[in-house]
Amino acid sequence: MTMAAVDADRQRSAARAQLTSVVGVAVVGTTASGKSSVALAAAHAVPALELASVDAMQVYRGMNIGTAKPSAAEQAAVRHHLIDLVAHTDLFTLADYQAAMRAAVADVADRGRRVIAVGGTGLYLRSVVDGLDLPGQWPELRDELEGNRDVAGLFAQLSALDPVAASRMEPTNHRRIVRALEVCLGSGRPFSSFGPGLDLYPAEGVTQLGLRWPRERLVERIAHRVRAMVDAGLVDEVAQLRQRGPLSTTAGQALGYPEVGDYLDGRCSLDEAIDATTLHTRQFAVRQERWFRRDPRIQWIDVEHDPVEECLPTLMRLLNP
RNA sequence: GGUCGAGUAGCUCAGUCGGCAGAGCAUGCGCCUGAAAAGCGCAGGGUCACCGGAUCGACGCCGGUCUCGACCA
């Protein structure tokens, strides 16, 4: 091992030690699982405890109802991090989140406090919890590769440059192949050299608590939540956002926003927009379940009625061992 | 009441000359390190409305019944 590598290793373990001492617990689960209310209840009950959102969409200012962002009152009562970081017209990506979360953790540590991380964006959480070493970006290369629709040809090229990376993805996944090639060609290093992949789960790290519902109950909760969002003014929120500028590529993927946009543009009825949002949210929740259940480190609680009642005692115990 | 059309997977629909029942979506499962609320793959699922007939063989042809739709009265 080179001296630089030893230094990097030492830095990594120091960062990890700070992370695990500051982030008491990460609360995970699907959308509409009730994880936020459980974390908020814990923050009220434990002194010097703050919350850190692990959510790809709550980072956008003005996107409040559709992202189920904590209310102003909740944010006034308990300090929340990683919310309202950028405008809805801005791009925001994994690396931005990782940097912002690290800064938040350092800030919380400086003030001698702790946070609970709460959220459902699995990759964002892992980028922090497992200290993923994210390769850089080479936008001009990516644009060029993206223009090439010959997916089989791109996959062949990746297989030649980085067989390990190629073996980790489907030969038809254009976006992942383009990204891997962008990194190989841009950095001059194999994409796979940046990490062992997502299939390894280091045992040491942040304690993770997961909320899990029976599928039928989750489906009901999602349908109910989407209707509640519309009742709370989601249509107005989308209309006002669009007046202040188009949603960025990343912000525009927030569930409910394109669907309501279609309604505002007269392409569908409000009921159709609601149905589409409900369906897409349900499919997203299932993808979240599939992501989180791979992680053997998560301690699961099967919720049946009241998330706070059923999960708070366990969360308190994990916070104060 | 009459004429015509339709009835095939949870839904919308293909199905050539009579020869092993198909697609998209949905559902289930899996994959994915800078779009992740994104992207990709695999799988399960059928009394071809029902009853009878001709045929080696029927989703398909013949006869009848039921349901839905349109038109006529």
Side-chain angles (χ1 to χ4, degrees), chain A residues 28-33 53-60 63 66-69 88 90-101 119-139 141-143 146 151-152 154-155 158 162 164-184 186-187 189-201 215-216 219 222 225-226 229 247-260 275-294:
Chain A
V28 304
T30 67
T31 184
S33 63
S53 158
V54 188
D55 190 297
M57 297 300 165
Q58 291 184 354
V59 300
Y60 299 103
M63 296 173 61
T67 64
K69 200 177 283 177
H88 71 280
D90 290 334
L91 283 173
F92 189 90
T93 67
L94 176 61
D96 297 322
Y97 181 83
Q98 189 187 46
M101 179 62 149
T121 305
L123 181 60
Y124 280 19
L125 183 63
R126 287 204 69 188
S127 78
V128 174
V129 162
D130 293 326
L132 298 185
D133 182 16
L134 304 177
Q137 283 193 100
W138 293 267
L141 253 172
R142 188 193 54 205
D143 289 348
E146 230 156 36
V151 184
L154 290 171
F155 186 72
L158 179 63
D162 187 352
V164 176
S167 74
R168 285 183 194 158
M169 63 189 74
E170 310 278 357
T172 44
N173 195 336
H174 190 251
R175 187 174 293 180
R176 304 298 330 143
I177 293 166
V178 164
R179 170 61 184 158
L181 276 175
E182 172 197 343
V183 171
C184 290
S187 70
R189 282 171 56 187
F191 181 59
S192 59
S193 72
F194 287 87
L198 293 168
D199 215 25
L200 285 176
Y201 298 90
R215 183 67 57 86
E216 305 77 42
V219 165
I222 288 169
R225 166 182 271 205
V226 171
M229 284 176 173
L247 279 74
S248 68
T249 319
T250 48
Q253 290 166 344
L255 290 161
Y257 291 80
E259 294 86 348
V260 169
D275 287 350
T277 301
T278 304
L279 173 65
H280 296 153
T281 304
R282 188 165 73 222
Q283 292 175 329
F284 167 56
V286 169
R287 243 179 294 132
Q288 286 178 301
E289 274 184 7
R290 297 204 265 253
W291 174 278
F292 286 122
R293 72 182 164 215
R294 296 174 65 192

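Labels below follow one simple rule: chain letters A, B, ... track the order of the sequence lines, proteins then strands, and each chain is numbered from 1.
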Asker: Which heavy atom in A:Arg168 sits nearest to a heavy atom in A:Gly195, and how many Å separate them?
Answerer: NH1-O, 3.3 Å

Asker: Can you tell me which nucleotide in B:A37, B:A35, B:C31 comes closest to the side chain of A:Thr93?
Answerer: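 Output: B:A35.
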
Asker: Suppose you measure atom C1' in B:U47 against the same atom in B:U8; what distance do you get, rounded to whole Å?
Answerer: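 Their C1' atoms lie roughly 12 Å apart.
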
Asker: Base, sugar-phosphate or nothing for A:Thr249? Non-hydrogen atoms, less than 4.0 Å.
Answerer: base

Asker: Whole angstroms only, please: what is the CE-P distance between A:Met57 and B:A35?
Answerer: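 In whole Å, B:A35 P lies 12 Å from A:Met57 CE.
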
Asker: Classify A:Thr31 by what it touches in the nucleic acid, base, sugar-phosphate, or nothing, heavy-atom distance under 4.0 Å.
Answerer: nothing

Asker: Mind checking whether A:Tyr124 and A:Phe92 have parallel, tilted or perpendicular rings, split at 30° and 60°?
Answerer: tilted

Asker: Which part of the nucleic acid does A:Leu279 contact within heavy-atom distance under 4.0 Å: base, sugar-phosphate only, or nothing?
Answerer: sugar-phosphate

Asker: Base, sugar-phosphate or nothing for A:Tyr97? Non-hydrogen atoms, less than 4.0 Å.
Answerer: nothing

Asker: Looking for any heavy atom pair under 4.0 Å, which part of the strands does A:Gln98 touch: base, sugar-phosphate only, or nothing?
Answerer: nothing

Asker: Under 4.0 Å between any heavy atoms, over every strand shown, what does A:Met169 touch: base, sugar-phosphate, or nothing? Just pick one.
Answerer: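 No contact.
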
Asker: Do A:Arg225 and A:Thr31 pair up side chain to side chain, a donor and an acceptor below 3.5 Å, judged on atom types alone?
Answerer: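 Yes, A:Thr31 and A:Arg225 have a side-chain donor paired with an acceptor closer than 3.5 Å.
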
Asker: Please evaluate residues A:Asp130 and A:Leu200 with respect to the criterion side chain to side chain contact (heavy atoms under 4.5 Å, CB included), reporting the C-alpha separation (whole Å), side-chain torsions for both, the decisive distance (0.1 Å), and the verdict.
Answerer: CA-CA 10 Å; A:Asp130 293 326; A:Leu200 285 176; over 6 Å; no

Asker: Using Watson-Crick pairs (N1 to N3, plus N6-O4 or O6-N4) and G-U wobble pairs, both distances under 3.5 Å, which stems of at least 3 pairs involve RNA chain B?
Answerer: B:1-7 with B:66-72, B:10-13 with B:22-25, B:27-31 with B:39-43, B:49-53 with B:61-65

Asker: Does the Lys NZ or Arg CZ of A:Arg179 fall within the cation-pi geometry relative to A:Phe191 - under 6.0 Å from the ring centre and within 45° of the axis?
Answerer: no

Asker: Can you tell me if the side-chain N/O atoms of A:Thr121 get under 4.0 Å from OP1 or OP2 in B:A37?
Answerer: yes

Asker: Can you tell me how far C1' of B:G39 sits from CG of A:Leu158, to the nearest Å?
Answerer: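 Those two atoms, CG and C1', are 15 Å apart.
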
Asker: Strictly below 4.0 Å: does A:Arg215 bring a side-chain N or O up to OP1 or OP2 of B:G28?
Answerer: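 A:Arg215 to B:G28 OP1/OP2: side-chain N or O found under 4.0 Å.
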
Asker: Which value, in whole Å, describes the distance between the C1' atoms of nucleotides B:G41 and B:C51?
Answerer: 45 Å

Asker: Name the residue closer to the 5' end of RNA chain B, choosing between A:Tyr124 and A:Val286 according to the nucleotide with the nearest heavy atom.
Answerer: A:Val286

Asker: Look at all strands and tell whether A:Leu94 reaches a base, only sugar-phosphate, or nothing, counting heavy atoms closer than 4.0 Å.
Answerer: sugar-phosphate

Asker: Looking at B:A35, B:C32, B:A37, which one has an atom nearest to any side-chain atom of A:Arg142?
Answerer: B:A35

Asker: Identify which one of A:Pro190, A:Ser193, A:Ser167 satisfies the side-chain contact (heavy atoms from CB on, under 4.5 Å) criterion when paired with A:Asp162.
Answerer: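 When side-chain contact (heavy atoms from CB on, under 4.5 Å) is applied between A:Asp162 and each of A:Pro190, A:Ser193, A:Ser167, only A:Pro190 qualifies.
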
Asker: Say we look at B:G18 and B:C59: how far apart would their P atoms be, to the nearest angstrom?
Answerer: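 My reading of the P atoms in B:G18 and B:C59 gives 13 Å.
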
Asker: Grab the two heavy atoms, one from A:Tyr201 and one from A:Arg126, that are nearest each other, plus how far apart they are.
Answerer: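 That would be CE2-NH1, 3.2 Å.
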
Asker: For atom P, what is the distance between B:A26 and B:C20, given to the nearest Å?
Answerer: 30 Å

Asker: Examine the base of B:A35 for any acceptor or donor lying under 3.5 Å from a partner atom in the side chain of A:Gln137, and report the outcome as yes or no.
Answerer: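 Donor-acceptor pair under 3.5 Å: no.
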
Asker: Work out how far the P atom of B:G64 is from that of B:C4, and round it to whole angstrom.
Answerer: 12 Å

Asker: For B:G24 versus B:C40, give the span between their P atoms, rounded off to a whole number of Å.
Answerer: 14 Å

Asker: Need to verify one output field. Residue with the more 5' nearest nucleotide on RNA chain B, A:Leu132 or A:Gly256?
Answerer: A:Leu132

Asker: OP1, OP2 of B:U27 versus side-chain N and O of A:Arg282: anything below 4.0 Å?
Answerer: yes

Asker: Using whole Å, what does the distance between atom C1' of nucleotide B:A36 and atom CG of A:Leu255 come to?
Answerer: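 That distance rounds to 11 Å.
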
Asker: Distance check needed: B:U33 P versus A:Asp162 CG, whole Å only.
Answerer: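 Rounded to the whole Å, the gap is 11 Å.
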
Asker: So what does A:Glu259 touch, heavy atoms closer than 4.0 Å: a base, only the sugar-phosphate, or nothing?
Answerer: nothing

Asker: Report which part of the nucleic acid A:Asp133 touches: base, sugar-phosphate, or nothing (heavy-atom distance under 4.0 Å, all strands).
Answerer: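 Result for A:Asp133 = base.
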
Asker: A:Pro196 near the nucleic acid: base, sugar-phosphate alone, or nothing, with a heavy-atom cut-off under 4.0 Å?
Answerer: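 It contacts base atoms.
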
Asker: Looking only at non-hydrogen atoms, find the nearest pair between A:Tyr97 and A:Val128 and report the distance.
Answerer: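 It is CE2-CG2, 4.0 Å.
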
Asker: Could you work out which one of B:C40, B:A36, B:C29 sits closest to the side chain of A:Arg290?
Answerer: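 Out of B:C40, B:A36, B:C29, the nucleotide with an atom closest to A:Arg290's side chain is B:C29.
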
Asker: Could you state the CH2-P distance from A:Trp291 to B:C32, rounded to the nearest angstrom?
Answerer: 8 Å

Asker: Considering only B:A36, B:G41, B:C32, which nucleotide approaches the side chain of A:Asp199 most closely?
Answerer: B:C32

Asker: Looking at every non-hydrogen atom in both residues, tell me the closest pair between A:Leu158 and A:Cys184 and how far apart they are.
Answerer: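 Reported closest heavy-atom pair: CD1-SG, 4.1 Å.
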
Asker: What distance, rounded to whole Å, do you find between the two C1' atoms, one in B:A38 and one in B:C48?
Answerer: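 Those two atoms are separated by 39 Å.
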
Asker: Under 4.0 Å from OP1 or OP2 of B:U33: is there any side-chain N or O of A:Arg126 that close?
Answerer: no

Asker: Determine the interatomic distance between C1' on B:A9 and the same-named atom on B:G44; round to the nearest Å.
Answerer: 11 Å

Asker: Looking only at side-chain N and O atoms, does A:Gln253 come under 4.0 Å of OP1 or OP2 in B:G39?
Answerer: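 Answer is no, no contact under 4.0 Å.
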
Asker: Base, sugar-phosphate, or nothing for A:Arg179, non-hydrogen atoms under 4.0 angstrom?
Answerer: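 Result for A:Arg179 = base.
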
